[in-house]
Structures are given as C-alpha cells and as structure tokens.
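Reckoned from all heavy atoms, side chains included, excluding hydrogens, waters and symmetry mates. Residue numbers start at 1 and run along the sequence shown.
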Amino acid sequence: MMSRNSRTYRTCTLLFASTFCVVVAGRDRSKSALQMAGVFGDGMVLNADSPKIHGFARPGSKLEARVTRTTLVVPGKARERDVEVIAEESITVSNQGTFIIKFQPQPQSRATTAMTPTSALQITVEIPTEGLVAVAHDVLFGTVFLCSGQSNMVHPLSYDYNATEQIEAVKLLPNLRLFQVGRQWGNTAIPTLGCHDNGTTPSLTPGCSERNTWHVATNVTAAYFSAVCYLTAQEIMRTELGSDASVGLIESDWGGSAQEPWVDRLFAKKRGCNMTHFTPTACPTDQLMSPIRGNYWGCLYNGMIAPLLASVSPHAVLWYQGEANSNPPGYPKTEYECALTGMVQSWRIAFGAPTLPFFLVQLAPYWQSPLGRGFPGVRIEQEMAVRTGVADGYCVTHDIGDHAGGVHPHNKTEVGKRLSYAVRNVLYNTSTAVAPGDPSSATKATVTSTGAVDIAFNNVPTFLTWGPTHNCTQCCTPATMVVEMGPMSETNNESAWTACPASPGKDAMGAVVLKVQKAPQSATGARYAWSNYPECVLFDQHHLPVGPFALSLQG
C-alpha cells in the first residue's frame with residue numbers, strides 16, 4: 001500500500017448524491033468489478049484512530065482511494081470548488097478478490113457549532129484502468145461503538161420512560177450517526193451485510209428498508225434506535241467527548257437470542273465449550289424462520305458480526321443479553337460461562353483488536369418470570385466475567401425493574417448512565433464520585449470468632465446501606481434485608497438456604513462490611529440478591545447497587 005501527502009486541486013465536477021455509487025465508463029454497471037462492503041456509505045463514521053474500508057474487485061486490480069474535503073471557491077457557483085486531498089492510498093486487490101484499505105489516523109471531525117453538523121468529507125475508491133468508481137459522501141472520523149445482544153438492547157429510545165425529553169435532546173448532538181445491521185444468519189461467515197427480517201419487529205424497530213444504512217440522528221431516527229446504545233453514547237458525549245464530537249453507533253442485535261448464536265462456532269469448539277444444549281451444527285435453511293428458535297451456535301455471529309469485521313474498528317462493544325440463558329431446562333451453568341467468554345475472545349481476535357473493550361449490562365429484573373430463579377446465576381457469571389478480566393466493565397441493574405415493562409424495564413436512561421460510568425472508567429480513565437467506575441461487589445465472607453459472618457466488598461470505602469428497588473412490594477423489611485446462608489454445593493436448592501438478617505457495619509480493622517449475626521452452623525456459603533426481582537438491595541456511597549454474590553465461607 002502506498003500513501004501520499006495532502007494536496008489541493010480545483011475541479012468543476014458535480015457532487016454525487018447516492019448512498020455510494022459505482023460509475024462504470026462505457027459498460028453495464030451490473031457487470032462492474034468493484035463492490036464496497038460493510039458499513040461503507042453516505043454519512044458513515046470511521047474510527048479516527050484506525051479508519052478502514054472494505055470491498056471486492058477483480059483480483060490483481062490496481063486500486064486507488066482518497067479522502068477529500070471540498071470547499072466552494074466562489075459563493076453561488078456550485079460547480080467551482082477546491083478539493084483538498086486529506087489522505088490517499090494505493091493497493092493491489094488480493095488473489096481472492098478482496099481488499100481492505102487502511103488510512104492513516106485522522107483528526108476527530110467536529111461540528112462547527114453546538115447544533116450544526118461539521119463540513120464532512122468524501123471518500124472515493126476507484127480502479128482507473130477499468131473506469132470503476134465508488135463514492136461515499138458526508139463521511140466523519142470519530143468514535144465508534146458496537147452495540148449487541150437481545151431484546152433489552154433492541155428496545156428503542158421511544159420505549160424509555162423519559163422518551164419525550166430524550167428524543168427532544170437528540171438535536172444537541174449534530175454529528176451523531178446511527179447504523180442498524182440487517183438481520184440475517186448463516187452456517188458460515190457471510191462477507192456482506194444482508195437483511196431477511198421476518199416481519200415480526202417493524203412495529204418496534206425498522207425493517208429491512210431502513211437497515212444497513214447510515215442515518216443522521218434526529219428525533220425520528222433515534223426514536224427507533226437502541227435506547228441503551230444511544231443513551232450510553234449520549235452520556236459519554238456529554239461528559240467526555242463533547243456534544244460536537246463525531247460518534248457512530250452500530251446496532252447489531254436480535255430479540256430473544258441466547259448467547260450461543262453470537263459466538264464463533266469454530267472458536268467455541270476449539271475452546272471446548274459444552275455444546276450439547278443448543279444446536280452446534282446447521283442453522284435454519286429458511287431465512288424467514290427465526291434463528292433464535294433452538295439458538296443455533298454461531299448463526300448470528302456469521303450473519304451479523306462477520307460482515308462488519310473488515311470495515312469496522314469499534315472503540316468498544318456494549319453487550320446487553322441474558323434472559324434467553326436464564327434457566328432453560330437442563331441448561332448447564334458452564335455452557336453460559338464458556339459462551340460469554342468465547343464470544344468476547346473470538347470477537348477480539350476477529351476484529352484484530354486483542355484488547356477491544358467489552359462492557360456488559362447485568363440481566364434485568366423480572367417480577368413475573370416463568371423461568372424459575374435462574375436470573376441470579378446468569379448475573380453472577382456476568383460479574384465474574386469482569387472480575388476475571390474477560391470483560392472490562394459492567395453495570396448493575398437489579399434495582400430498576402418495573403412491573404409494566406416485565407423483562408424489559410422502561411428506565412433505559414439510568415442503564416445508559418450506569419453503563420457510561422464503566423466505559424468512562426476504562427476508555428477515558430474517569431473514576432470519580434460522578435463516574436465511579438466498576439460497581440461494588442462482595443469479595444469475601446469470613447466467619448468471625450463470635451460465629452458471625454463478615455462480608456467484605458471492593459469499591460465500598462465509606463458507606464453501605466439497604467434500599468428498596470423500583471416497584472418493590474415488600475421493599476425493605478426485616479424479611480428482605482437478608483443474606484441467605486446454606487450449602488454452596490446446592491446453590492439452586494431453595495429449601496437448603498436460610499434467610500438471615502444482615503446489617504452494614506465495620507470489621508475489626510474498620511473496613512465497611514455486611515454483618516450476618518446469626519448464621520446456621522452447617523452453612524458453607526452466603527448468597528445475596530438471589531432472586532429474579534430483588535425487593536431490597538444494598539447501595540454504596542454513590543447510591544449505586546451492589547451486585548449479587550454467592551461466596552464460600554472462610555475462617
């Protein structure tokens with residue numbers, strides 16, 4: 001690949017207006033040998049630190065690409081312009097007929113005023129010897145987030161309890177762009193985006209006609225975009241990047257999907273995951289069927305992540321999923337842990353980013369769950385993924401459920417704010433009283449000399465208190481301000497566990513702990529918030545909830 005310096009020239013050609021165009025001189029466009037792939041198109045946002053684009057062409061073709069900025073020379077004469085070449089690359093198409101063009105890092109695109117979009121750029125890709133040209137207009141360089149998961153990530157901004165105010169505020173972010181990946185799946189990795197929406201979701205989110213296309217964030221487009229994805233980015237822009245920053249949000253999700261369809265199937269096999277519960281081989285052959293029925297391993301990774309790999313360099317991944325793995329009959333705990341870890345690791349390898357930050361949202365509370373009490377186990381595995389370094393951060397949400405929303409709580413604003421704390425802590429090194437970073441969690445349960453149990457926490461240096469959850473019915477009473485004590489070998493045997501009153505206090509060294517004064521002598525473990533919908537939970541000094549725990553007793 002060859003790079004050339006910035007230069008300026010004057011031209012008298014007309015601007016294109018299509019999403020992206022292929023111009024073929026003297027031949028049928030349908031037989032052109034240049035096809036752009038991935039998220040290439042008008043309005044796209046590329047990672048300013050590592051911008052790249054991807055496509056297909058005749059093997060061995062000599063291809064040129066350039067980034068340009070256009071300014072008018074004489075006001076009122078639209079045909080006379082100065083064109084500044086910002087970046088320029090030359091490559092030869094591979095023997096497989098694919099190419100990836102990587103540009104040098106670029107300055108972040110900024111809006112000219114708080115409510116005016118920036119003067120954006122144009123990217124032109126051409127094969128001069130064959131008369132082939134592809135053009136994308138209104139291109140920005142900035143920060144890119146990839147958002148994925150199941151229905152709680154799918155639910156749009158219009159679903160948020162504060163939707164009217166949030167939608168009205170979209171206009172304050174002029175350089176925010178939105179991209180929703182078309183729903184498709186496959187037995188093997190699919191190189192290009194597609195869409196085979198079966199018509200079950202248009203009332204909630206856009207169908208095929210609006211997907212695989214960049215949209216400027218407006219009160220219309222944002223209303224149908226993932227609420228958690230948007231609200232997290234909004235908070236990061238407000239606190240870290242600035243409202244004039246260029247941010248691209250890519251939403252690739254599917255309601256009802258389990259963890260397994262999002263994992264590279266071959267990677268899971270090599271990792272030795274237990275693949276007996278979900279289908280480990282073929283995906284449905286009919287694209288009008290739902291791939292989440294049976295939750296086939298790898299199908300959604302192949303169809304909705306693989307097409308992004310060559311053209312997207314996300315700064316971080318935001319993941320909100322877990323309901324479908326909460327308690328299916330016979331589902332082994334080790335399979336979810338392996339699938340979650342396998343997804344994070346396989347995506348990092350596939351994107352060529354070994355340290356790609358991953359942030360998780362805790363499985364939401366569900367007060368009428370027909371799935372038994374399987375939610376706490378998933379929440380524990382999500383927290384352990386962060387504690388063991390698999391993921392980079394997460395936010396606790398088991399206090400903000402609501403009866404009306406069921407498994408889809410309406411308070412996405414608070415979810416976005418809490419998730420932004422984790423992102424800011426890792427990406428921007430912000431860990432203050434405003435953005436505390438990792439949520440508080442229990443680290444050790446110690447039997448004292450008096451027979452009581454002291455439970456220690458990280459990130460709780462000054463304060464711990466009980467507080468009611470949203471829409472609770474019993475709220476904080478002696479019956480709900482408890483830690484359950486019992487045998488760690490029977491975590492899911494409800495009758496083996498005893499609820500014991502617990503109160504915040506300090507240990508012999510003065511550290512804040514949760515004290516269980518009367519624990520059964522036969523108990524070998526302590527667990528907390530072991531419910532699909534906790535009624536009363538612990539809060540730290542930031543008034544953020546403490547995550548659930550299941551700890552073996554020590555001492």
Side-chain angles (χ1 to χ4, degrees), residues 149-167 204 226-228 230-232 235 255-256 320-327 360-380 382-383 394-421 439-441 464-484 494 499 501-502 504 514 527-540 542-549:
Q150 62 176 113
S151 52
N152 266 312
M153 182 61 84
V154 172
H155 271 69
L157 187 58
S158 59
Y159 185 82
D160 181 62
Y161 83 106
N162 198 27
T164 301
E165 180 179 334
Q166 295 291 8
I167 291 172
L204 185 66
S226 165
V228 170
Y230 169 84
L231 291 166
T232 303
E235 194 69 16
Y320 196 174
Q321 190 275 337
E323 300 94 324
N325 293 90
S326 61
N327 199 20
L360 315 177
V361 181
Q362 183 195 63
L363 175 58
Y366 188 15
W367 74 289
Q368 279 188 325
S369 173
L371 303 174
R373 283 174 33 123
F375 280 36
V378 172
R379 293 177 185 139
I380 289 289
Q382 291 171 334
E383 181 172 318
Y394 86 121
C395 68
V396 176
T397 64
H398 61 191
D399 63 311
I400 50 175
D402 66 68
H403 292 185
V407 76
H408 306 120
H410 286 81
N411 191 353
K412 306 302 186 188
T413 294
E414 184 64 20
V415 176
K417 182 181 293 185
R418 293 181 186 180
L419 188 57
S420 77
Y421 293 159
S440 302
S441 58
L464 193 67
T465 188
W466 289 104
T469 60
H470 187 253
N471 274 177
C472 59
T473 54
Q474 297 186 51
C475 299
C476 289
T477 68
T480 58
M481 294 187 292
V482 298
V483 169
E484 294 178 297
E494 301 301 318
L514 185 66
R527 71 183 192 184
Y528 147 80
W530 209 261
S531 167
N532 289 351
Y533 199 112
E535 295 280 339
C536 181
V537 297
L538 294 164
F539 291 87
D540 64 17
H542 304 294
H543 202 67
L544 291 173
V546 175
F549 61 76

Would you say [X] and [Y] make side-chain contact, with heavy atoms under 4.5 Å?
| X | Y | value |
| --- | --- | --- |
| Val361 | Val415 | yes |
| Glu323 | Tyr366 | no |
| Asp160 | His410 | no |
| Val378 | Pro376 | no |
| Val228 | Asn152 | no |
| Leu514 | Met481 | no |
| Ile400 | Pro409 | no |
| Tyr230 | Ile167 | no |

- prompt: Any salt bridge between Glu484 and Arg527, counting N to O under 4.0 Å?
  reply: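 Salt bridge: yes.
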field: Check ion pair Arg379-Glu383 (N to O, under 4.0 angstrom)
entry: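 Judged by the 4.0 Å cut-off on N to carboxylate O distance, Arg379 and Glu383 do not form a salt bridge.
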- request: Apply side-chain contact (heavy atoms from CB on, under 4.5 Å) to Trp530 and Ile380, showing your working.
  value: CA-CA 10 Å; Trp530 209 261; Ile380 289 289; 3.6 Å; yes
- line: Test side chain to side chain contact (heavy atoms under 4.5 Å, CB included), reference Phe539, set Val546, Asp399, Leu464, Leu544, output is Asp399
Under 3.5 Å, side chain of [X] to main-chain N/O of [Y], donor-acceptor pair present?
| X | Y | result |
| --- | --- | --- |
| Gln382 | Gln321 | yes |
| Thr469 | Pro534 | yes |
| Thr397 | Gln362 | yes |
| Trp466 | Val482 | no |

Any chance you could measure [X], atom [atom1], to [Y], atom [atom2], to the nearest 0.5 Å?
| X | Y | atom1 | atom2 | answer |
| --- | --- | --- | --- | --- |
| Met153 | Lys412 | CE | NZ | 9.5 Å |
| Gln166 | Ser158 | CD | OG | 12.0 Å |
| Trp367 | Asp402 | CH2 | CG | 10.5 Å |
| Ser151 | Tyr159 | OG | OH | 9.0 Å |
| Asn411 | Lys417 | CG | NZ | 9.0 Å |

Quick check: closest heavy atoms across [X] and [Y], and the distance to 0.1 Å?
| X | Y | answer |
| --- | --- | --- |
| Gln150 | Gly322 | OE1-N, 3.2 Å |
| His470 | Gly401 | ND1-O, 2.9 Å |
| Gly255 | Val154 | N-CG2, 3.7 Å |

message: Side chains of Glu535 and Thr473: any donor to acceptor distance under 3.5 Å?
response: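 The criterion, which ignores hydrogens and geometry beyond distance, is satisfied for Glu535 and Thr473.
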message: I'd like to know whether NE2 of His403 has more than 12 heavy-atom contacts from other residues, nucleotides or ligands below 6.0 angstrom.
response: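 Counting neighbours around NE2 of His403, more than 12 heavy atoms of other residues, nucleotides or ligands fall under 6.0 Å, so yes.
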message: For Ser226 and His155: C-alpha separation, side-chain torsions, deciding distance, then whether side-chain hydrogen bond (donor to acceptor under 3.5 Å, both in side chains) applies.
response: CA-CA 6 Å; Ser226 165; His155 271 69; over 6 Å; no
message: I'd like to know if Cys475 pairs up with Cys536 as a disulfide, counting it only when the SG to SG distance is below 2.5 Å.
response: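 No; the two sulfurs sit 2.5 Å or more apart.
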message: Can you confirm if the aromatic rings of Phe375 and His398 lie within a centre distance of less than 6.0 Å?
response: no
query: Tyr533 and Asn471: side-chain contact (heavy atoms from CB on, under 4.5 Å), yes or no, with the steps?
result: CA-CA 10 Å; Tyr533 199 112; Asn471 274 177; 3.4 Å; yes
